[in-house]
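To find a chain, count down the sequence lines: A is the first, B the second, and so on, and within it residues start at 1.
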There are 2 protein chains.
Amino acid sequence: MTELLKSKKISETPFRKEVLAIFRNYTNAIPLSTVEKELKEYNRITLYRTIKIFIEKGIIHEITISGEESNYAICHEECSTAAHHHQHIHFKCSSCKKIFCVEVDQFPSIILPNYKIKQLEIQATGLCQKCNV
Amino acid sequence: MTELLKSKKISETPFRKEVLAIFRNYTNAIPLSTVEKELKEYNRITLYRTIKIFIEKGIIHEITISGEESNYAICHEECSTAAHHHQHIHFKCSSCKKIFCVEVDQFPSIILPNYKIKQLEIQATGLCQKCNV
DNA sequence: TAATATTTGCAACATTGTTGCAATAAATAT
DNA sequence: ATATTTATTGCAACAATGTTGCAAATATTA
Ligand SMILES: [Mn+2]
Ligand SMILES: [Mn+2]
Ligand SMILES: [Zn+2]
Ligand SMILES: [Zn+2]
């Protein structure tokens, strides 16, 4: 299962495997601080570089929400090295604060008179299943 | 026209008027670095605090795009002190790199089986009118 | 197993944002 | 208009976040 690193053509080091495993253990997106908590021991700089290369290689993607720490999640769709083009939305639960990547069968489209839209990115806020009892 | 500061119940100081005027002179969203360039002379800390209070009071709103400097734009809709609820999308032109707040007559809605969506935030990428010749 | 390419960790630095506090300026009440 | 009250500004000092060059260590390839 750590074939992923090889398939993305980056060296398979213990540290990278460890970080990848952390992302895989979560069903939601997580910030750097969570990755840090999960790692027993780590070098701050190496972690930054690991996150960076994971994003570049299409292993994880970044989710930014105003005024909050960036979150990161595994790319389930096949992401190119060049760009992340996800047809899913980012859902933030206002109760448990977790951020989920959610597939949606009918991704909306917008037409604007004076703009040529190539891509949409959608963030939703609300309640996740667990919190919406 | 500087009534805005009074109406938002914050003191009307020369510096705040100056910063507000800068935002009003742009039709697109701008990052802090642009505000800084426009100001002849300024105190870094005061500027941070000004941006912060402008956001809190619903005068401007923040637009965050992955891996980029935050951008800020005047709130044209009436924003409460509590939260910014904009029914417009944020459009980033991949050519001129400008970010625009764009009204859309039919704001899309999404229904997800396991989530209760309260609010959507939409970012679009593509070409603006000027760049789409 | 040796040669080569890549990653890691250190030191040092850059950038970005925050806080306490006294001086200053703005708003309000006389 | 002037005094009183309240809020803002700027300084110093700090905290958090992210970056770079480079030598040692490790992974990949031959
Ligand atoms: Mn996602
Ligand atoms: Mn906007
Ligand atoms: Zn939840
Ligand atoms: Zn453009």
(request) Indicate whether OP1 or OP2 belonging to C/dG9 is found under 4.0 Å from a side-chain N or O atom of A/T46. (result)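 Yes, such a contact exists.
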
(message) Side-chain N or O of A/S11 versus OP1/OP2 of C/dA5: is the shortest distance under 4.0 Å?
(response)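 The answer is no; no side-chain N or O of A/S11 sits under 4.0 Å from OP1 or OP2.
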
(message) Is there a path of hydrophobic side-chain contacts, each under 4.5 Å between heavy atoms of I/L/V/M/F/W/Y residues, joining B/I74 to B/I63?
(response)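 Unlinked, B/I63 and B/I74 end up in two clusters.
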
(message) For A/I53 and B/K52, find the nucleotide of DNA chain C closest to each by heavy atoms; which residue's nucleotide sits nearer the 5' end?
(response)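 By nearest-heavy-atom nucleotide position, the 5'-most residue is A/I53.
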
(request) Take B/P14 and A/N43, find for each the nucleotide of DNA chain C with the closest heavy atom, and name the residue whose nucleotide sits nearer the 5' end. (result)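 Here A/N43 is the residue nearer the 5' end.
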
(message) Looking at the base of D/dG10, is there any donor atom on it, or on the side chain of B/R49, that sits under 3.5 Å from an acceptor on the other one?
(response)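 Yes, the side chain and the base share a sub-3.5 Å donor-acceptor pair.
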
(request) Would you kindly check whether a donor in the side chain of B/R44 faces an acceptor in the base of C/dG17, or vice versa, at under 3.5 angstrom? (result)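 It does, because a donor-acceptor pair links the side chain of B/R44 to the base of C/dG17 below 3.5 Å.
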
Can you tell me how far [atom2] of [N] sits from [atom1] of [X], to the nearest Å?
X: A/Y72; N: D/dT17; atom1: OH; atom2: C1'; result: 11 Å
X: A/K17; N: C/dT7; atom1: NZ; atom2: C1'; result: 14 Å
X: B/L47; N: C/dT18; atom1: CG; atom2: P; result: 12 Å
X: A/K9; N: C/dT7; atom1: NZ; atom2: C1'; result: 19 Å
X: A/I10; N: C/dT6; atom1: CD1; atom2: C1'; result: 11 Å
X: A/I45; N: D/dA24; atom1: CD1; atom2: P; result: 17 Å
X: A/K6; N: C/dT6; atom1: NZ; atom2: P; result: 16 Å
X: B/K57; N: D/dT8; atom1: NZ; atom2: C1'; result: 13 Å

(request) Using a strict 4.0 Å threshold on nitrogen-to-oxygen distance, state whether A/K40 and A/E18 make a salt bridge. (result)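 So A/K40 pairs with A/E18 through a salt bridge.
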
(message) Donor-acceptor pair, distance only, cut-off 3.5 Å: does the side chain of B/K97 make one with the backbone of B/S94?
(response)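 Such a contact is found between B/K97 side chain and B/S94 backbone.
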
(request) Apply the test ring pair (Phe, Tyr, Trp, His ring centres under 6.0 Å) to residues B/H90 and B/H61: give CA-CA distance (whole Å), side-chain angles for both, the deciding distance (0.1 Å), then the verdict. (result) CA-CA 11 Å; B/H90 290 140; B/H61 59 279; 5.3 Å; yes

(request) Any chance you could measure B/L4, atom CG, to B/K57, atom NZ, to the nearest 0.5 Å? (result)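 B/L4 atom CG to B/K57 atom NZ measures 12.0 Å (nearest 0.5 Å).
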
(message) Counting the atoms with a prime plus P, OP1 and OP2 as sugar-phosphate, which does A/R16 contact under 4.0 Å by heavy atoms, base, sugar-phosphate, or nothing?
(response)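 Contact class for A/R16: sugar-phosphate only.
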
